[in-house]
Amino acid sequence: MGEETGEESKASIGRAIEAISSLISLSHSIKSFNVKWQLIRTKLEELYSGLAALQNLDSDFDPSLSSLLSAILATLRDCYDLATRCVNVSYSGKLLMQSDLDLIAGKFDRHTRNLSRIYSAGILSHGFAIVVSKPTANSCKDDMRFYVRDLLTRMKIGDLEMKKQALRKLNEAMEEDDRYAKTVIEISDVVNILVGFLDSETGIQEESAKALLFISGFGSHTHRSVLIRSGVIGPLVRALENGNDSGREASARCLMKLTENSENAWSVSAHGGVSALLKICSCGDGESNGGELIGVSCGVLRNLVGVEEIKRYMIEEDDGLTTFVKLIGSKEEIVQVNSIDLLLSMCCKDEETRESLVREGGIEKLVCVLSSSDSNSSSKAKEVALRAIDSLCFGSVNCLNALLSCKFLDCLLYLLRNGEISVQESALKVTSRLCGLQEEVKRLMGEAGFMPELVKFLDAKSMEVREMASVALYCLISVPRNRKKFAQDDFNISYILKLLDHDEDDGRSSVMGNTKFLISILMSLTSCNSARRKIAASGYLKSIEKLAETEGSDAKKLVKKLSKNRFRSMLSGIWHS
């Protein structure tokens, strides 16, 4: 074949594409040599994608391309002959046919590599277009696979711009439909190509990191294992160190997904990931500039601290938790939440690290997150801070003293009164824990005004909330000074009595199942003369007597104690008359 003009070469490309489509269709009807024909179909799809990218070129065609097109058309004719013989079972022997099929697959592979070399030389780098359109939302699996294979071919043989464009298209497809992530995992080479791109030019590195993030977030542990087997962790760490902001963030998020399985922690450490993550956290202030990257990096480190050796290394490198304590004060929610979670994981089972947290001012920082004057802390951050305080501060005298010395009770009381429901419940859990401590703490809580707030939770819809409030209130009124203070407010006693009066409950079930706790509170209050007199004179005595018939010994004891008081009052009246 002589040197072709541009129009003749385009015609040859069209014939080759048409022949490939016909061959792929014919191959699906072949019953024998399934594995061989599956391999040939894969090669044909890759070659199709490479040729399709040439159709809209405006530049002159190179003679080397004309020669390649001639060879491709000849191979396609030979392959069509083999396909026809397989369909008609007209071959002379299986071994000979298997050998012929291997030779054809090898030829297609060489054609694709030759086409790739032409692309790499830059001859065909102008005027290209993505020809294959993304399938519609209801397309079949084969259409989706064909589209992904087309993009894969462009990643393999295209110049930098074509590779980048193919990656963007792949990411758009996975973002719109997660079935594409599954397709990517199923097609060999795609993941390996993406992992290899992490060490490429910045733009390609960024797009490949985003693609791998989509894959890591899809499906089960099995799919993430595909990434691990491809050796993704080392390249992700390198991208974390030298990529642009968007690429680094995507790499960190991918690492966070992969390290949810603790078995991968050592691999991250072995590739220098811990040092890279610590550097990111220590070089930023956790504000809007780089806040997402810092927050995600804290999330990865949180997944790693379960390994004792890694935790010790982090503490030594961070000079006593300084960096993470500082990050608690960030205005970015993701930084606040993940740094608190990280510190909680580091300190909860380690007394020495907990003491370091106190020395670095970590407890004060946690209380600042809860402060009513700090509008920068989200409800989620407040919940996490309360959970950390609950886990860290009640098993250590130093932590508890540090907590109480920085106006924590004022913050806690404010959240009980004004916090969102989820924050209120978290605050109530911590309040309940505090109420179980020594008498001095209970006395302080009584003076601060916790008892009226706890009364308001006695009629909550959640039984768990009602029980926590009841038990906490019972603990507080066990202190004589608190009991006297509680009895001074007529509303407190009358409200509890009203909750026990099922006849006035108007069919509500909010207090049902909480009766025994309320009776225990009243029983404790009878130790205070003024409270006992108020209960006896309240008009609810008949309701309590009715409860004693069904609620057991505690209610009977309460009735007995109140009856004695009423009998004494009657005797006193007779005597004075």
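Residue numbers count from 1 along this sequence.
Closest of all the heavy-atom pairs between Leu198 and Ser208 is CD2-OG, 3.6 Å. Here the closest heavy-atom approach between residue Val335 and residue Gly291 is recorded as CG2-O, 3.1 Å. Of all non-hydrogen atoms in Glu292 and Glu332, the two that sit nearest each other are OE2-OE1, 4.4 Å. Residues Ala402 and Val358 share a closest heavy-atom pair of CB-CG1, 4.1 Å. The heavy-atom pair separating Val232 from Val195 by the smallest distance is CG2-CG2, 3.8 Å. Across Leu258 and Asn264, no two heavy atoms sit closer than the pair O-ND2, 2.7 Å.
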### Query
Between Asn171 and Tyr180, does a side chain to side chain contact (heavy atoms under 4.5 Å, CB included) hold up when you go through it step by step?
CA-CA 9 Å; Asn171 286 335; Tyr180 280 100; over 6 Å; no
### Pair Glu453-Lys456, salt bridge (Lys or Arg N to Asp or Glu O under 4.0 Å): steps then yes or no
CA-CA 5 Å; Glu453 298 307 318; Lys456 296 175 185 178; 3.4 Å; yes
### Task
Determine, stepwise, if the pair Met256 / Arg302 fulfils side chain to side chain contact (heavy atoms under 4.5 Å, CB included).
CA-CA 9 Å; Met256 187 160 70; Arg302 178 194 60 209; 4.1 Å; yes
### Message
Under the criterion side chain to side chain contact (heavy atoms under 4.5 Å, CB included), I'd like the reasoning laid out for Asn338 against Val296: C-alpha separation, chi angles, the key distance, then a yes or no.
### Response
CA-CA 7 Å; Asn338 284 354; Val296 177; 5.5 Å; no
### Task
Using the side chain to side chain contact (heavy atoms under 4.5 Å, CB included) rule, take Leu522 and Leu525 through it: C-alpha gap first, then chi angles, then the decisive distance, then the call.
CA-CA 5 Å; Leu522 291 176; Leu525 286 171; 4.2 Å; yes
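Judged purely by atom type and a 3.5 angstrom limit, Ser339 uses its side chain to pair as donor or acceptor with the backbone of Gln336. In this structure a side-chain-to-backbone donor-acceptor pair under 3.5 Å is present from Lys534 to Ala487. Side chain of Arg466 to backbone of Leu458: no donor-acceptor contact under 3.5 angstrom is found. A distance-only check finds a donor-acceptor pair linking the side chain of Ser230 to the backbone of Leu227 [under 3.5 Å]. Remark: the backbone N or O of Leu428 is not paired with any side-chain donor or acceptor of Ser432 at under 3.5 angstrom. Formation of a donor-acceptor pair under 3.5 Å by the Glu249 side chain with backbone atoms of Leu293 is not found in this model. A distance-only check finds a donor-acceptor pair linking the side chain of Asn482 to the backbone of Leu476 [under 3.5 Å].
Salt bridge annotation for Glu420-Lys382: absent, with no cationic side-chain nitrogen under 4.0 angstrom from a carboxylate oxygen. With respect to the salt-bridge test (charged N to carboxylate O, under 4.0 angstrom), the residues Lys134 and Glu172 do not qualify. Classification of Lys429 and Glu425 as a salt-bridged pair fails, no side-chain N sitting under 4.0 Å from a carboxylate O. Residues Arg312 and Glu308 are paired through a salt bridge, judged by an N-O separation under 4.0 Å between the basic side chain and the carboxylate. Classification of Arg481 and Glu447 as a salt-bridged pair holds, one side-chain N sitting under 4.0 Å from a carboxylate O. With respect to Arg359 and Glu355, no salt bridge is recorded, no charged nitrogen being found less than 4.0 Å from a carboxylate O. Between Lys380 and Glu383, no side-chain nitrogen of the basic residue sits less than 4.0 Å from a carboxylate oxygen of the acidic one, so the salt-bridge criterion is not met.
Enclosure of atom CD in Glu175 is not indicated, since only 12 or fewer non-hydrogen atoms of other residues, nucleotides or ligands lie within 6.0 angstrom. Atom OH of Tyr474 is surrounded by 12 or fewer heavy atoms from other residues, nucleotides or ligands within 6.0 Å. Few gaps surround NZ on Lys442; more than 12 heavy atoms of other groups in view lie less than 6.0 Å from it. Within a 6.0 Å radius of CG in Leu444, other residues, nucleotides and ligands contribute more than 12 heavy atoms. Within 6.0 Å of CD in Glu309 there are more than 12 heavy atoms belonging to other residues, nucleotides or ligands.
Using a 4.5 Å cut-off on side-chain heavy atoms (C-beta onward), Met445 and Thr431 make contact. Side-chain contact check for Leu412 versus Ile389: every heavy-atom pair is 4.5 Å or farther apart. Using a 4.5 Å heavy-atom cutoff, the side chains of Leu301 and Phe324 are in contact. Side-chain contact between Leu473 and Phe517 is absent, with no heavy atoms from C-beta onward closer than 4.5 Å. Between Cys393 and Ile363, some side-chain heavy-atom pair lies under the 4.5 Å cut-off. Looking at heavy atoms from C-beta onward, Thr323 lies out of side-chain contact with Leu278 at the 4.5 angstrom threshold. Counting heavy atoms from C-beta outward, Leu240 and Leu236 have side chains that stay 4.5 Å or more apart. Proximity of Leu400 to Gln438: side-chain heavy atoms (C-beta onward) are separated by under 4.5 Å at one or more points.
Taking OG of Ser379 as the start and CG of Leu415 as the end, the distance is 9.5 Å to the nearest 0.5 Å. Distance check, rounded to the nearest 0.5 Å: CD1 of Ile310 to CG of Leu304 gives 5.0 Å. Rounding to the nearest 0.5 angstrom, the gap separating the NZ atom in Lys516 from the CD1 atom in Ile521 is 12.5 Å. Taken to the nearest 0.5 Å, the CZ atom of Arg224 stands 10.0 Å off from the CD1 atom of Ile185. Atom CZ of residue Arg387 and atom OG of residue Ser426 lie 8.5 Å apart, to the nearest 0.5 angstrom. Here the straight-line distance linking atom CZ of Arg532 with atom CE of Met523 works out to 10.5 Å at 0.5 Å rounding.
With hydrogens and angles left out, the side-chain atoms of Tyr414 and Ser371 include no donor and acceptor closer than 3.5 Å. Checking Ser139 against Thr136 by side-chain atom types alone, a donor-acceptor pair falls below 3.5 Å.
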